[in-house]
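Some notes on the structure that comes next.
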There are 2 protein chains.
Amino acid sequence: MPKQTFFNLNSSKQNRIIDAAIAEFGAHPYLKTSINRIIKKADISKGSFYQYFNNKKDLYKYVIDQVSDAKMKFLGEKLQNYQQLEFFELLRELFIAGIQFRKNFPRYSEIGDRVLNSSNKDLKNELYAESKPKSNDFFEKLLLKAVQEGKIDPEIDIKFTAFMLTEFSVSIVNYFFETHDTDNVDEIMNYVDKMLYIMKNGIAKGDKNVTN
Amino acid sequence: MPKQTFFNLNSSKQNRIIDAAIAEFGAHPYLKTSINRIIKKADISKGSFYQYFNNKKDLYKYVIDQVSDAKMKFLGEKLQNYQQLEFFELLRELFIAGIQFRKNFPRYSEIGDRVLNSSNKDLKNELYAESKPKSNDFFEKLLLKAVQEGKIDPEIDIKFTAFMLTEFSVSIVNYFFETHDTDNVDEIMNYVDKMLYIMKNGIAKGDKNVTN
DNA sequence: ATATAATGTGACTACAAAGTCATATGACTT
DNA sequence: AAGTCATATGACTTTGTAGTCACATTATAT
């Protein structure tokens with residue numbers, strides 16, 4: 001957690017610092033990020049930095065939390081309208097909302113991508129203590145509801161399936177950026193639909209008599 | 001590529017260096033790995049290092065290639081009879097072999113995990129110019145064959161599906177190690193089977209009349 | 001035995017990072 | 001106006017890194 005001194009700052013200065021941090025953490029993998037560059041960009045002194053934060057990780061965690069909260073809030077608002085949707089429909093809307101978030105807050109997304117692929121396992125565990133479980137929990141709740149409503153195969157392991165959905169979601173983005181150099185983020189939906197198709201029907205040949 | 005001077009060394013010295021490198025690259029994320037530590041462990045001088053390799057990345061790439069080759073060779077031997085196996089059976093065998101490899105060569109696996117999770121996109125692209133497609137290609141070929149044999153839904157996007165399988169194969173192992181602190185690697189097969197079930201049938205409720 | 005080529009060495013340079021601290025500046029209180 | 005407390009500063013220290021190079025050692029060929 002940042003120290004009290006940071007929160008004492010007027011919000012304009014706070015934002016200047018956070019913006020500089022977001023830029024830095026979005027531009028480099030964590031281990032290559034530099035406090036020196038951040039303070040330069042934010043136009044504060046080295047000494048001040050250490051009066052606001054304990055160290056780089058302190059700031060990093062805070063920034064990640066902010067971004068994660070922003071996304072949750074954004075998705076949460078969108079989802080209010082979709083309560084009545086069927087599981088796969090809802091999932092689809094969720095991805096659309098995710099893409100919208102990406103469009104509206106590109107800086108946030110850059111840093112988010114970095115975090116999701118971050119390798120440093122120790123750091124990752126520390127950071128993800130919250131945010132990945134968040135997404136997992138969310139999928140779990142959706143799945144549970146869908147099973148109860150008889151929409152989803154009750155045989156599945158819900159925790160594991162939630163995990164699978166989370167990972168697939170990340171993979172989709174990775175795949176998109178590895179195969180498309182474009183900025184046309186909407187095309188991601190192609191892959192979302194492909195993924196949903198597989199999750200729904202599986203890939204073994206044969207028709208499924210989906211019960212309603 | 002290492003310089004000729006490296007290959008001129010007797011294999012015992014070569015191994016000493018490669019072993020030190022594997023230990024280092026397995027123990028730290030790439031950006032934190034240190035040539036200094038490697039030469040210390042391998043008991044060679046700084047000057048020698050630069051007579052054998054151009055830089056750290058040079059060595060890194062070489063090590064990754066070695067590990068990747070070893071794994072391919074191992075899998076190839078284990079799966080000699082794979083031609084007559086049905087797609088999902090084969091996939092299962094593949095995981096079993098992969099887990100065996102992990103058991104037999106834990107050092108190799110450590111470094112493999114790091115690589116697969118590596119965040120540095122630029123580096124990743126450079127490294128994977130060859131080796132990632134290897135695993136990807138393999139899945140693609142399997143899928144293609146299975147589609148042709150009528151075992152797999154021809155509707156699916158093979159490239160995309162192969163990618164998802166590749167990524168998830170890694171995730172599943174991570175998931176296991178994150179949720180189970182045990183060394184009983186066989187339990188991973190529980191999750192593999194769950195994954196295969198979903199990939200086969202999907203999660204939507206209803207029976208699938210798999211055509212044979 | 002001598003000359004030549006290949007290999008080995010570690011002190012050194014150059015650089016960038018995180019973190020510290022004595023001092024300066026400002027703001028608020030008495 | 002004087003004194004006190006919070007905040008701001010940047011030069012400095014320490015630590016680590018990659019990479020270089022003049023020289024030492026060893027092996028090979030003549």
Side-chain angles (χ1 to χ4, degrees), chain A residues 1-21 23-63 114 118-120 122-123 126-127, chain B residues 1-21 23-63 114 118-120 122-123 126-127:
Chain A
M1 255 302 184
K3 304 181 185 175
Q4 186 54 45
T5 47
F6 173 72
F7 297 108
N8 290 345
L9 299 173
N10 62 60
S11 61
S12 132
K13 191 164 185 179
Q14 281 189 29
N15 286 335
R16 223 171 61 227
I17 296 170
I18 296 305
D19 284 351
E24 178 70 9
F25 291 132
H28 306 278
Y30 177 73
L31 291 171
K32 267 200 175 169
T33 54
S34 149
I35 293 177
N36 290 333
R37 279 195 296 260
I38 293 174
I39 61 174
K40 203 171 167 185
K41 186 152 202 171
D43 198 32
I44 60 169
S45 72
K46 196 66 163 286
S48 291
F49 180 92
Y50 283 96
Q51 243 161 358
Y52 307 149
F53 309 99
N54 296 303
N55 48 41
K56 185 163 70 173
K57 199 162 67 186
D58 189 22
L59 170 58
Y60 190 58
K61 277 172 146 175
Y62 180 70
V63 168
R114 282 213 185 269
S118 152
S119 78
N120 194 332
D122 321 323
L123 179 68
E126 220 176 311
L127 291 172
Chain B
M1 256 302 185
K3 304 180 184 174
Q4 186 54 45
T5 49
F6 174 72
F7 296 108
N8 291 344
L9 299 173
N10 62 60
S11 62
S12 132
K13 192 164 185 177
Q14 281 190 29
N15 286 335
R16 224 171 60 226
I17 295 170
I18 297 304
D19 285 351
E24 178 70 10
F25 291 133
H28 307 277
Y30 178 74
L31 291 171
K32 267 202 174 168
T33 54
S34 149
I35 293 178
N36 290 334
R37 279 194 298 258
I38 292 175
I39 61 173
K40 203 170 166 186
K41 186 153 202 169
D43 197 32
I44 60 170
S45 73
K46 195 68 163 285
S48 292
F49 180 92
Y50 282 96
Q51 241 158 2
Y52 307 147
F53 310 99
N54 296 302
N55 49 40
K56 185 163 72 173
K57 200 161 68 188
D58 189 21
L59 170 58
Y60 190 59
K61 276 171 147 176
Y62 180 69
V63 168
R114 286 219 182 265
S118 154
S119 78
N120 194 333
D122 320 323
L123 178 70
E126 221 179 309
L127 290 174

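Throughout, protein chains are lettered first and strands after them, A, B, ... in sequence-line order, and every chain is numbered starting at 1.
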For nucleotides 17-24 of chain C, give me one character per nucleotide, 5' to 3': B if any protein heavy atom sits under 4.0 Å from the base, S if the only such contacts are to the sugar-phosphate, - if neither. SBBBB---
According to salt bridge (Lys or Arg N to Asp or Glu O under 4.0 Å), does anything in residues 35-52 of chain A pair up with another residue at least two apart or in another chain? List the pairs.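 Found E24(A)-R37(A).
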Strand partner of dT30(C), provided both Watson-Crick or wobble distances fall under 3.5 Å: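 When the pairing criteria are applied, dA1(D) turns out to be the nucleotide that pairs with dT30(C).
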Decide yes or no for I39(B) and S45(B): does some side-chain heavy atom of the first lie under 4.5 Å from some side-chain heavy atom of the second?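 Of all side-chain heavy-atom pairs linking S45(B) with I39(B), none is under 4.5 Å.
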Cation-pi between K56(B) and Y30(B): NZ/CZ under 6.0 Å from ring centre and within 45° of the ring axis?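 Relative to the ring axis of Y30(B), which defines the angle, K56(B) lies inside both limits.
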Given F49(A) and I17(A), is the side-chain contact (heavy atoms from CB on, under 4.5 Å) satisfied, shown in steps? CA-CA 9 Å; F49(A) 180 92; I17(A) 296 170; 5.8 Å; no
Mind calculating the distance between [atom1] ([X]) and [atom2] ([N]) to the nearest angstrom?
| X | N | atom1 | atom2 | value |
| --- | --- | --- | --- | --- |
| L31(B) | dA18(D) | CG | C1' | 14 Å |
| Q14(B) | dG8(C) | CD | P | 11 Å |
| D58(B) | dG19(D) | CG | P | 11 Å |

What pair of heavy atoms forms the shortest contact from N55(A) to Y50(A), and how long is it?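 That closest heavy-atom pairing would be CA-CE2, 4.3 Å.
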Under 30°, 30 to 60°, or over 60°: which ring-plane class applies to F53(A) and F6(A), parallel, tilted or perpendicular?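 Ring orientation of F53(A) relative to F6(A): tilted.
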Y52(B) and L59(B): side-chain contact (heavy atoms from CB on, under 4.5 Å), yes or no, with the steps? CA-CA 9 Å; Y52(B) 307 147; L59(B) 170 58; over 6 Å; no
Judged by atom type as modelled, is there a donor-acceptor pair below 3.5 Å linking the side chain of K32(B) to the main-chain atoms of A27(B)?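 Not a single qualifying donor-acceptor pair exists.
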Could you pull out the protein-nucleic contacts involving nucleotides 5-7 of chain C (nitrogen or oxygen on both sides, under 3.5 Å)?
unit_1: dT7(C); atom_1: OP1; unit_2: N8(B); atom_2: ND2; d: 3.2

